[in-house]
Amino acid sequence: MSSMPRLMQGNEACVEGAIAAGMRFYAGYPITPSTEIAELAAEKLPKVGGKFIQMEDEIASMGAVIGASLAGLKAMTATSGPGFSLKQENIGFACLTEVPCVIVNVQRGGPSTGQPTLPAQGDVMQARWGTHGDHPIIVLSPSYVREVFDLTVRAFNLSEKYRVPCILLMDEVVGHLREKVQLPDPSSLKIINRKKPDLSKISNYNPYQDYDGDGIPPMVNFGEGVPYHVTGLIHDITGFPSTKPEVTEYLITRLMRKIYNNIDDIVEYEKHFTEDAETVIVSFGSPARSAIRAVKILRSEGENVGLIRLKTIWPFPRKAFRELPLTVKNIIVAEMNFGQLIETVEAACEGKFNIVGLNKYNGELMSPDEVVAKVREVSKNA
Amino acid sequence: MEERIEIRLSGSGGQGLILAGIILAEAAILDGKNAVQSQSYGPEARGGASRAEVVISSREIDYPKVTRPQILLALTDEAFHKFKDNMAEDGIIILDSSIKKVDTSNKIIQLPIIETARKDIGKSMVANIVAVGVITELTKVVSRQAAEKAILNRVPKGTEDLNIRAFYAGCSLVENLS
Amino acid sequence: MRKNLEKYYRIDKLPHIWCPGCGNGIITGALVRAIDNLKLDKDKICIVSGIGCSSRAPGYLNFNTLHTTHGRALAFATGIKLARPELKVIVLTGDGDCAAIGGNHFIHACRRNIDITTIVFNNSIYGMTSGQYSPLTPVGAYATTAPYGNIDRNFDLCKLAEAAGATYVARGTVYHVPQLIKYIEKALLHKGFSVVETISTCPTYFGRKNKLGSPVKMMEMLRDNTVSAKAAERMSKEELASKIVIGEFAEINAPEYTEEYMKIIKRAQREE
């Protein structure tokens, strides 16, 4: 049975979703505006037999999460801008060693200490390329409190399925917003757990061997009787360091392909009124709600405006732009930053449309009126 | 377009405005409507400017923030001056009696909210609940029953009576107006 | 190597990367002997390291092994131990890894008293990056980044560990191997956070930079320059200035972190 509708904060929905997805370990460090996630995890995890620890810093939190996941527990940490920067090295470790984990970033204004209590979407590129080196990553971005729940579950599922860190890129608006939510019946949720090897058929388990040909090695947890080595050095299928060019190239290629070969499974977006649109707004997170309202206002006035609302940001849903009808002339990328995702949208559109940014970076969520005005300006100039 | 009511509760940190916002939003949900509640705050836990915002609608709520409220509650002079000009045309301003009234084009209802909490109930802390009573009775955005239930769900154990008395004291302030 | 110890090693990963005369193999050997003496369940042991010469040791050891990021071994180890308290978690770290970049994690692991054994390979220098000074390099010593002598005052790591709350603290050397094995055994049996600082030799960098002579000479220095904690009690500050004090400095019973957390779980579930 689904629960009674109730008022729930975005950060609370994140913890509810995580526990429903099977999270049994949380390590974190307090930081506005994500702190409620840590507080609720501290309260709720022991009730389900899970573990919470407040570490000495953000770096340690990320390390503890990876350790716990290797030991077999689904693990999460949550942070915001400065803490997200600090976690990056260990996020890269999880990418290379293929340890499932979820990192929540409730975005606030930056750079540096920035504006702790105000919303922004300035970490779009850091979420993709924050850690050094070529690496795969999955980044999801919710717009609604209920969607925070759904995408947290999905973040765990994708992370477990593909053995990759998954980032839930929230913003202060959706993190702190309280909204009427009806949670689904936990038994109705599809929960994915990491793939394990059939050790009765494998005599000499190699932790990084692609046994199934899908690029995702089956995983044994530490303490399950098959000792193996995990290193942040480039390694061969046995898990041990290698500097051989062919081993290096194979590993990086497999890491990237296990994500990009499954892009249709990973990518999620919504299209609203795009079928006859002349102008299409692209947005994600909280500004997408301003955009939806703007589209409703403009449609009621007969304007042919549509919206693509991205739920997956990375890997980037290029497909959404290939599908656009011939009526489309203009794309407006509405984001709470100086212009980050717009460059990827431009690359995905291959010069087919007039692409314009609607950028808000003053600590406020853009208003529907601002979106409406931008659409009118762009349609007039086109 | 759709029926959408925007409420802004303003004052200083520690006055319990966020709790008041949560209670109004939860009451609206109990009435079968949609509601969202958001807030804006500074680094101070006490003092400083604070505001809580509630949007109530019978439809889905897309844009979650308040831009031009139909209802503004101001418990401090600073809050009143900050927000008085961003109102819906037909919006009403509920002002605590401690605030010096100035001209606005909006209708102003001035009531001794803080004084009622302090003198009649004996705790200035419950001014927020008095305000919930005022808003409920004056605007009918939520039903009395729902507001009462929402208050009981949210206030600390042992303070239920106190808070319900505060709520009805707020309702009475409005009843005595007419 | 004794035949019966081979099962603890990944023989196919040898020879190791360490230089001739390096003390790291001796510490690794002492750990293996301690594990063998205690008849610990091999599959329930998890060895975690950071970055540096010392941190390559887990790669040669046939357990669940995790070679993490620089300085962070204790953070990863804390996650493993809290997630699966039934695992015996051992951290192998160096003086730079543990006391510089990992210093914060070290003092907080001590403070929590989480049941992890940390063995610090202290060779007084960053070997992997070829000879920079660490927080445990003595004042006045030379390093590639201290070409005019080191003015950074060094930590006494055992005092630091003890002050931060570690409940078993000992210091040994790669010369005094039977004693080192005994300390590691006691650390492994100890319930709580245990630290065994081991003074090691780096003839290639520390030895060469400081003109300490051959590996044998460096070993002889460890023999001649150490005093027991007991003897040190009767010596003046001046007499101790150039000495290395070895022995056990703390052995305390205190609530262990994962056991305390299990009580939290019981309490939370009772209140549910």
Side-chain angles (χ1 to χ4, degrees), chain A residues 24-27 42-75 77 88-94 96-97 99 101 207 220-233 235 238-241, chain C residues 10 12-13 17 42-49 51 55-56 58-87 89 101-102 104-109 111-112 114 257-258 261-269 271-272:
Chain A
R24 290 298 177 269
F25 188 93
Y26 181 101
E43 182 196 327
K44 288 171 187 286
L45 269 173
K47 291 182 180 176
V48 294
K51 316 280 174 69
F52 168 92
I53 187 167
Q54 182 173 314
M55 294 298 285
E56 54 274 16
D57 60 33
E58 301 276 6
I59 300 168
S61 305
M62 195 60 226
V65 158
I66 297 168
S69 181
L70 272 168
L73 298 188
K74 289 188 185 177
T77 186
Q88 291 297 338
E89 186 194 6
N90 282 341
I91 291 174
F93 183 90
L96 183 70
T97 55
V99 178
C101 54
V220 175
N221 299 322
F222 275 3
E224 291 179 347
V226 189
Y228 65 97
H229 188 56
V230 175
T231 178
L233 288 162
H235 44 266
T238 68
F240 287 91
Chain C
R10 291 166 172 147
D12 61 326
K13 300 300 168 195
I17 62 158
K42 200 169 129 302
D43 293 335
K44 295 288 173 210
I45 291 175
C46 184
I47 303 181
V48 187
S49 67
I51 295 293
S55 293
R56 289 302 186 96
Y60 309 121
L61 295 170
N62 193 18
F63 304 92
N64 303 287
T65 52
L66 177 62
H67 177 218
T68 71
T69 47
H70 196 18
R72 319 302 175 197
L74 277 165
F76 285 74
T78 299
I80 293 170
K81 184 68 190 179
L82 184 54
R84 260 184 206 251
E86 72 272 22
L87 292 178
V89 180
I101 191 166
N104 200 33
H105 310 307
F106 180 70
I107 58 172
H108 288 279
R111 174 179 63 83
R112 282 187 198 103
I114 188 163
Y257 190 83
T258 61
Y261 198 87
M262 289 315 290
K263 291 181 198 163
I264 292 280
I265 290 180
K266 284 212 176 80
R267 203 179 139 190
Q269 291 181 342
E271 284 172 11
E272 181 70 326

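Computed from a prediction, not measured in an experiment: that's the story for all the values here. The chains referred to below are lettered A, B, ... by the order of the sequence lines, with proteins before strands, and numbering in each begins at 1.
- Ring pair C/F76/A/F93: centre-to-centre distance below 6.0 Å.
- Heavy atoms of C/F63 lying under 4.5 Å from chain A belong exclusively to its backbone.
- Of the listed residues (C/N64, C/L74, C/D43), the greatest number of heavy-atom pairs within a distance under 4.5 Å of chain A belongs to C/N64.
- For the atom pair CZ (A/F222) and CG (C/L66), the distance works out to 5.0 Å, reported to the nearest 0.5 Å.
- Rounding to the nearest 0.5 Å places OG1 of A/T231 at 6.5 Å from CD1 of C/I51.
- Contact of A/V48 with chain C is made through the backbone alone, with heavy-atom distances under 4.5 Å.
- In terms of heavy-atom proximity, C/G59 sits nearest to A/F240 at O-CE2, 3.2 Å.
- Counting heavy-atom pairs closer than 4.5 Å to chain C, the top-ranked of the candidates A/G72, A/G239, A/G49, A/A75 is A/G49.
- Evaluation of the side-chain contact (heavy atoms from CB on, under 4.5 Å) rule for A/A64 yields A/F25, A/A27, A/M55 as partners, not counting sequence neighbours.
- Within the 4.5 Å cutoff, side-chain heavy atoms of C/K13 are placed close to those of A/T238.
- Judged by distance alone, the side chain of A/Y228 and the main-chain N or O of C/N62 form no donor-acceptor pair under 3.5 Å.
- The shortest side-chain heavy-atom distance between A/D57 and C/H105 falls under the 4.5 Å cut-off.
- Residue A/H229 holds its NE2 atom at 10.0 Å from CG of C/L61, rounded to the nearest 0.5 Å.
- Using a cut-off of 4.0 Å between Lys/Arg side-chain N and Asp/Glu carboxylate O, A/E224 and C/R84 are scored as salt-bridged.
- The part of C/L87 that comes within reach of chain A is its side chain, from C-beta onward, which places non-hydrogen atoms under 4.5 angstrom from that chain.
- Note: C/L82 leads C/T258, C/L82, C/T78 in heavy-atom pairs under 4.5 Å with chain A.
- Side-chain atoms of C/Y257 and A/I53, non-hydrogen and from C-beta on, do get closer than 4.5 Å to each other.
- The shortest distance between side-chain heavy atoms of C/P85 and A/K51 falls below 4.5 Å.
- With a 4.5 Å cut-off on side-chain heavy atoms, A/M62 and C/T69 do not count as touching.
- To the nearest 0.5 Å, atom CZ of residue C/R72 and atom CD1 of residue A/I59 are 4.0 Å apart.
- When every heavy atom of C/I265 is checked against every heavy atom of A/G50, the shortest pair comes out as CD1-O, 3.7 Å.
- Annotation for C/R56 and A/L233: closest pair NH2-CD1, 3.5 Å, computed over non-hydrogen atoms.
- The candidate from C/H70, C/M262, C/R111, C/R112 with the greatest count of non-hydrogen atom pairs under 4.5 Å with chain A is C/R112.
- Applying the salt bridge (Lys or Arg N to Asp or Glu O under 4.0 Å) rule to C/K266 yields no partners; only residues at least two apart in sequence or on another chain are considered.
- Within the 3.5 Å criterion, the main-chain N or O of C/H108 finds no donor-acceptor partner in the side chain of A/E56.
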